[in-house]
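Input: a single structure, listed below in structure tokens.
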Amino acid sequence: MEDAALVHACQTCDRDAQRELYERHVDCIYRLAFRITRNEQDAFDVTQQTFIRAFEHISSFDQRSTIRTWLYRIGTNEALQLVRRRGTERRHLSVLEHGLRDSAPASGTDHLDLEEAMLRLSDDHHAILMLRYKEGLDYQEIATVLEVNAGTVASRLNRARGDLRRLLAENSALSVEETTSKNHPTDTKDVSRQCKK
Amino acid sequence: MTCKDALEKIGPLLDSELDAPARAELEQHLASCTECDTACESLRGITSALSDGPDRVTVPRDEIWRKIEQHLDTDSPATVRPIGSRPVRLFSLRPLASAAVVLAAIGLGWLFVSAPWSSAAYAGQIDFRPLLEQADGDIKAGIDALIDVHGGRAITRPEAADLMRIRIDSPANLPPGLSLQSLYLLNLGGDHRALGFHYHGPQGHLLLLQCPPDVEQNLAGHECLPCRIGTNEGHVARIGSLRLAHFGSDNVCVCVVSTLDEMKELPAALNAVKIDF
């Protein structure tokens with residue numbers, strides 16, 4: 001059954017259709033929620049709430065976007081509301097719980113640095129990079145999810161990438177400082193000056 | 001093309017979001033500018049690492065579905081938990097300030113249905129039965145009964161301002177003829193209170209009740225359809241001559257009871273009231 005027919009069936013509260021819709025999209029929504037909240041319990045709650053809200057409001061879904069994009073919109077809003085309520089400290093803490101464990105080196109950019117830099121981004125910048133590079137949404141889809149225009153998506157992505165690059169550069173400089181400092185404790189000042197050149 | 005223009009377009013280039021002429025122009029620039037080309041390759045490495053990063057999350061599909069199904073089974077279609085609902089909080093200044101955002105936002109859409117009368121109706125800790133019993137009768141008497149059943153009383157603007165530490169204005173952009181008639185303070189039990197705003201004019205009545213955000217609602221068994229004020233979604237039903245709507249945000253629950261025309265007057269009024277808070 002295609003998504004459009006499935007949505008129609010869900011609008012009549014067909015439980016099998018609801019389950020099918022859930023099965024098709026739950027992985028994407030859960031992973032998005034986890035990427036934004038960086039916490040498994042929060043991802044669980046956000047996913048649960050996303051589908052409950054979707055089923056409750058599915059009569060208002062007008063099929064102008066895909067159901068996947070519509071679910072992303074609800075999920076992103078739910079996840080962002082959660083992290084904003086709690087502040088970002090949980091995301092920062094969870095780098096120790098998940099980021100380190102899950103990270104593996106990738107060509108070009110060290111993944112541990114990348115994870116840490118991502119967690120230092122603002123919630124909005126973190127979310128938009130997730131939508132683009134983890135979920136693979138194009139600018140128009142992101143615009144629909146975030147309820148902004150495509151031009152805003154482009155400029156917000158530029159700012160997010162700029163911030164990420166800056167944070168990576170800072171991390172890189174710090175790493176060099178720390179490593180060199182451990183090897184040559186007495187040369188710290190000189191190394192700092194070298195790194196900042 | 002300047003380097004500044006090029007740097008702004010490198011991201012869209014890597015995201016395959018540039019059209020052919022813009023892409024060709026940028027590639028031409030990159031071929032002749034080492035700095036921009038280096039920046040492009042650097043960004044390509046970052047975005048590639050972002051896309052290729054590990055994804056080892058296990059999705060607890062069955063557990064989540066059980067919770068969803070449990071919710072769907074236990075809640076009637078007319079009983080929903082609003083956005084961001086959470087445990088009881090004391091009524092405070094912050095909910096009222098947030099209500100301003102809720103109510104001042106634009107982009108209101110309304111959907112209504114007619115449905116038969118039912119004796120059970122509530123939103124949060126507010127029991128609407130006394131009002132709904134007057135759904136096709138004397139609305140003012142119904143409002144008075146609603147206030148009375150919750151141990152409420154009329155309060156003055158200075159008193160409301162003092163109690164809630166907010167400014168009470170009658171917005172100038174209300175629909176013509178509609179004006180703030182009364183303010184009420186309702187007791188919802190314990191330390192919980194609600195502030196009521198009753199507007200009246202030739203068009204009819206508009207009663208807003210602002211409550212703590214710890215609510216569930218039951219629109220008396222009537223089919224409950226979604227509606228939206230700005231980014232805040234809610235639910236609405238038509239009961240006799242009344243429109244009963246409910247909006248929840250993180251900080252506040254707003255219950256709306258009105259006889260205003262749902263397509264024009266009510267959206268205009270909701271966009272106007274509390275705009276100065």
Side-chain angles (χ1 to χ4, degrees), chain A residues 13 15 18-19 22-23 26-27 29-31 34-35 40 43-45 47-49 51-53 55-57 59-60 77-78 81-82 84-85 98 101-104 106-111 114-115 117-118 129-130 132-134 136 138-140 147 150 153-155 157-158 161-162 164-165 168, chain B residues 7-12 14-18 39 41-73 75 77 79-86 107 109 111 223-228 231 233 235 249-251:
Chain A
C13 297
R15 183 58 53 84
Q18 290 174 331
R19 179 68 190 258
Y22 169 82
E23 291 291 343
V26 64
D27 287 0
I29 297 302
Y30 183 88
R31 291 196 174 107
F34 179 75
R35 285 170 184 140
E40 287 174 353
F44 188 108
D45 292 344
T47 306
Q48 177 190 334
Q49 193 64 13
F51 281 96
I52 287 172
R53 288 178 52 74
F55 292 141
E56 285 171 351
H57 297 178
S59 59
S60 69
N77 283 339
E78 291 284 338
Q81 280 180 17
L82 190 68
R84 283 170 186 154
R85 276 203 297 268
H98 298 283
R101 189 180 67 206
D102 290 348
S103 295
S107 60
T109 301
D110 183 287
H111 240 291
L114 189 58
E115 286 275 335
M118 286 293 289
L129 289 174
M130 291 290 100
R132 175 67 195 99
Y133 296 110
K134 288 293 189 187
D138 64 29
Y139 286 15
Q140 190 52 58
E147 299 181 88
V153 170
S155 58
L157 270 171
N158 266 346
R161 283 184 295 248
L164 183 61
R165 185 153 48 188
L168 282 168
Chain B
L7 291 173
E8 283 182 359
K9 289 182 178 173
I10 285 173
L14 298 175
D15 292 341
S16 302
E17 293 279 351
L18 284 187
E41 288 312 308
S42 166
L43 188 57
R44 191 192 304 277
I46 293 171
T47 56
S48 172
L50 268 176
S51 302
D52 297 341
D55 199 1
R56 300 177 189 170
V57 177
T58 302
V59 182
R61 286 168 157 249
D62 292 340
E63 290 87 342
I64 298 174
W65 175 253
R66 272 199 292 275
K67 290 281 188 183
I68 294 169
E69 198 166 36
Q70 192 178 10
H71 181 97
L72 295 175
D73 286 340
D75 278 16
T79 304
V80 297
R81 194 160 182 81
I83 310 165
S85 52
R86 54 188 180 187
L111 292 168
E223 184 180 357
C224 182
L225 295 177
C227 56
R228 173 180 280 254
T231 59
E233 291 183 323
H235 307 273
S249 75
D250 283 351
N251 301 312

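Per chain, numbering begins at 1; letters A, B, ... match sequence-line order.
- Between B:P12 and A:N158, the closest heavy-atom pair is CD-OD1, 4.2 Å.
- Residues passing the ring-ring contact (aromatic ring centres under 6.0 Å, His included) test with A:F51 are A:Y22, sequence neighbours excluded.
- For A:D45 and B:K67, the salt-bridge test fails: no basic side-chain N is under 4.0 Å from an acidic carboxylate O.
- Across A:Q18, A:R19, A:Q48, A:E23, the residue that shares the most heavy-atom pairs under 4.5 angstrom with chain B is A:R19.
- Within the 4.5 Å cutoff, side-chain heavy atoms of A:L157 are placed close to those of B:D15.
- Rounding to the nearest 0.5 Å gives a distance of 9.5 Å between CZ of A:R132 and CG of B:L14.
- Between atom CD1 of residue B:I64 and atom OG1 of residue A:T47 there is a gap of 4.5 Å, rounded to the nearest 0.5 Å.
- Residue contact with chain A, scored on non-hydrogen atoms closer than 4.5 Å, is absent for B:E41.
- B:T58 contributes atom OG1, which lies 10.0 Å from atom CZ of A:F34 (distance to the nearest 0.5 angstrom).
- A search for salt bridge (Lys or Arg N to Asp or Glu O under 4.0 Å) contacts involving A:R15 returns B:E69, B:D73, not counting sequence neighbours.
- When side chains are defined from C-beta on, B:I46 does not count as touching A:R161, because their heavy atoms never get closer than 4.5 Å.
- Here the side chains of A:Y30 and B:P60 are in contact, with some heavy-atom distance below 4.5 Å.
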Show the numbers, then the answer: is there a side-chain contact (heavy atoms from CB on, under 4.5 Å) between A:F55 and B:I68? CA-CA 10 Å; A:F55 292 141; B:I68 294 169; 4.1 Å; yes
For a side-chain hydrogen bond (donor to acceptor under 3.5 Å, both in side chains) check, start with the C-alpha distance between B:H71 and A:Q49, then their side-chain angles and the critical distance, and finish with the verdict. CA-CA 10 Å; B:H71 181 97; A:Q49 193 64 13; over 6 Å; no
